[in-house]
Protein chains: 2
Amino acid sequence: MPDQKHCPDTHDRILDVAERLFMANGYEGTSMRMITSEAEVNLAAVNYHFGSKEALMREVFRRRLLWLNRERIVLLDALEAAAAGAPLKPSQVLEAFFGTLLRMGEDPALGGMVFLRLLGRTLTEPADFIRTFFAGEYAEVVERYKHALFRALPDVPQEEILWRFHFMLGSMSYALAGTDVLEIVTGYEPGDAMATDPAAARRLSARVMPFLLAGLRAPLPAPLASLSSSSAASGDSCDAPSGASSRVTPSHA
Amino acid sequence: MPDQKHCPDTHDRILDVAERLFMANGYEGTSMRMITSEAEVNLAAVNYHFGSKEALMREVFRRRLLWLNRERIVLLDALEAAAAGAPLKPSQVLEAFFGTLLRMGEDPALGGMVFLRLLGRTLTEPADFIRTFFAGEYAEVVERYKHALFRALPDVPQEEILWRFHFMLGSMSYALAGTDVLEIVTGYEPGDAMATDPAAARRLSARVMPFLLAGLRAPLPAPLASLSSSSAASGDSCDAPSGASSRVTPSHA
DNA sequence: GCGCAAATCAAACGTTCGTTTGAATCCTAA
DNA sequence: TTAGGATTCAAACGAACGTTTGATTTGCGC
C-alpha cells in the first residue's frame, strides 16, 4: 500500500508538472502521458501515488487550498478580533479574501502565478467532479466571508451582496486565467510572460482591487434603490447611475 | 461536395445540439457520438456537413457572433452619430456592448441563455484554436469599443481602461457561465434553471450593469492617482478608496 | 422514368486515452 | 546478510476518441 512514507521526488514532481500542464492545457487537454513524460517518471506512477487522474487533480488543488483557506480564515479572525464586534470595512474584507489569493501569486513556494492561473481557469471548468470538489473545499470560507460582507454593508440587500461577490469572483478568476480576447487582440502572449513572473500578481492586485471595491459599493439597481440610503451610494453623477438608462434601438428583434 | 444546398434539418439540428452539449460539457468533454446520437443523425454527418469537430465548434459560434458583432457595431455607430462628435457616456458604451449581449439571452432565436453560458465558459477555454478564432471574430468590435471607452473616460489612462475592460469581461463571462462556487455552496442548481429561462438574462442585466459601471469608474490605484482629476473619482469616502490600505499580517511567508 | 449529385448510413480505420498487471528494482529494518 | 514492503518499470488492457470509406438511399431537374 502507498501513502505510508511516500518518495518525495516522484510524488512532488508529478504534482508540480501536473499543476503546470493543467494550467496550460486544462484538465481534459492534459493526458497522463504528457504528465509522466515531462516529470520523467513511469506512466504508472500517477496511479500508484494518487490512484487516478481525478484524484491527482484534486491533490494538485488540495495542497494549495489548504494554505489558502487557512490563511483566509486566520486573517478574518484577526480582523474581527481587532474590530471587537464592530463590522469590518468592505475594503478589509476584500483585502483579506482577494489579497491573500494574490499573495500566493507572488510566492512560487505557494504555487505562484501558475497555480493562480490554474485556479482561474478551473473555476469555470464544466467537469462535475471538479465543481463538487471546489464546493466542498470552499464551503466554510465562503460562508465566513459572506457574513462578513453582510455586516460590512448593512444597507445593501444580502441577495445583492451575493450577486456582487459572484461578479468579483468572476473578475478575479478571469483576470488570473489570463486567456483574454483583449490580450490576444491587443497582442501579447500571456502564457510565458505572466505565468512565471511573480510581480504580475502585484501589478494585477493594484489594478483589480479598486475595481472590485467600487463594484461592490455600486449604487443599487433602479427597481431596488427605493428605500435604503445605502452606504454604497456614490456622490458622483457625471453619468447615469444604473442600467436601463438610455434605450437604444435594437435591430433583428 | 457539400455546402451547395445543405439540408436544413440535419445541418441545423447538429448545430443546436452541439451548442447545448458544448455548453454543458465543454468542448473536450463533448464527443461526436454524444452530439450525433442526441441529434438523431448519423455519426458521419458532422464531418460531412462541417468537416471536423473544430470546424463545428467554430460554426456554432460563427452563426451567433455574426449577429452579435453586427448589432454591437450598429449600436455604436448610432450612438456616435447621435453624439455628433462628442464623447459618449461610459454607461452608453457599456449598455451597447454588454446590453446587446444580454439581449441575446432573452431571445431563444438568438441562442438564448444556452449560447450565453457557452460563450462565458468558452472565453476561458485553454484550447488554442478557440482562442485564435475568438481573437479574429472579436478584433474589430473590441477595437471600436476600446476607443469609445478611451474617449468616454479621457482622464483615465488608457492602459487602466484596458485593464478594467478586461475585468468587466471577466465578471460578465463568469456570471454567464453560471458555474460558480457561490451557487453551489448557496445551493441551487444553475444548469437547469438558468439555462432555459430567458428572464434570467434580464435579471442578470439589472444586477451586473451597475456593478460594471461602478468598477469602470473606480478611483485610480494609489500610485497612479497623483495627477489627473479623473472623472472616475467617487465622492464617497466611507471606506478606504484603493488597494494596499490596511496591511494585515500574513502567515507562512 | 432516368440520371446524378446530395445526403445518409453501417462499419471500420488508426490513434490515444486512463488504467492495470506482474515482474524487476530499491531501500530499510531486523 | 537477508527478508519484505515500497517503489519503479515495460507492456499490455479494453474503451472511447475523431475521422474515413464505400455502398445505399433520397430528391429533383431533365
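So you know, we letter chains A, B, ... as the sequences are listed, proteins then strands, and number each from 1.
Phosphate contact (OP1/OP2 of dA16(D), side-chain N/O of Ser31(B), threshold under 4.0 Å): absent. Put simply, His11(B) has no side-chain N or O that comes within less than 4.0 Å of OP1 or OP2 on dA7(C). For His49(B) and dA6(C), the shortest distance from a side-chain N or O to OP1 or OP2 is not below 4.0 Å. For dT8(C), one of the phosphate oxygens OP1 or OP2 lies less than 4.0 angstrom from a side-chain nitrogen or oxygen of Thr10(B).
Between the CE atom of Met34(B) and the P atom of dT19(D) there is a distance of 16 Å, rounded to whole Å. In this structure, Leu43(A) places its CG atom 14 Å from P of dA12(D), rounding to the nearest Å. Rounded to an integer number of Å, the gap from Asp9(A) CG to dT7(D) P is 12 Å. Atom-to-atom, CD1 of Ile35(B) to C1' of dT19(D) comes out at 14 Å; the value is rounded to the nearest Å. A straight line from CD of Glu28(A) to P of dC17(C) spans 12 Å, rounded to a whole angstrom. Between the C1' atom of dC9(C) and the CD atom of Glu40(B) lies a distance of 15 Å, rounded to the nearest Å. One interatomic measurement links the two molecules: CZ of Phe50(A) to C1' of dA6(D), which rounds to 15 Å at whole-angstrom precision. dA7(C) atom P lies 12 Å from atom CG of Asp12(B), rounded to whole Å.
Of all heavy-atom pairs spanning Arg121(B) and Ala24(B), the tightest one is NH1-O, 3.2 Å.
Nearest to the side-chain atoms of Ala44(B) among the listed nucleotides dA10(C), dG18(C), dG18(D) stands dA10(C). Closest approach to the Asn42(B) side chain among dT8(C), dA10(D), dT19(C) is made by dT8(C) (side chain taken as heavy atoms from C-beta onward). Side-chain proximity of Tyr48(A) to the nucleotides dT8(D), dA12(D), dT19(D) is greatest for dT8(D). Closest to the side chain of Asn47(A), out of dT20(C), dA10(C), dC9(D), is dT20(C).
Residue contacts for Thr36(A): at a heavy-atom cut-off of 4.0 Å it reaches no nucleic acid atom on any strand shown. Within 4.0 Å (heavy atoms only), Ala45(A) reaches no atom of the nucleic acid at all.
At a threshold of 4.0 Å, the pair Arg103(A)-Glu95(A) counts as salt-bridged, since one of the basic side-chain nitrogens sits closer than that to a carboxylate oxygen.
A distance of 10.5 Å separates NE2 in His147(A) from CG in Leu149(A), rounded to the nearest 0.5 Å.
A ring-ring contact (aromatic ring centres under 6.0 Å, His included) with Tyr145(B) is found for one member of Phe165(B), Phe98(B), Phe97(B), Tyr138(B) and no other, namely Phe97(B).
Other residues, nucleotides and ligands contribute over 12 non-hydrogen atoms within 6.0 Å of the CD atom of Glu54(B).
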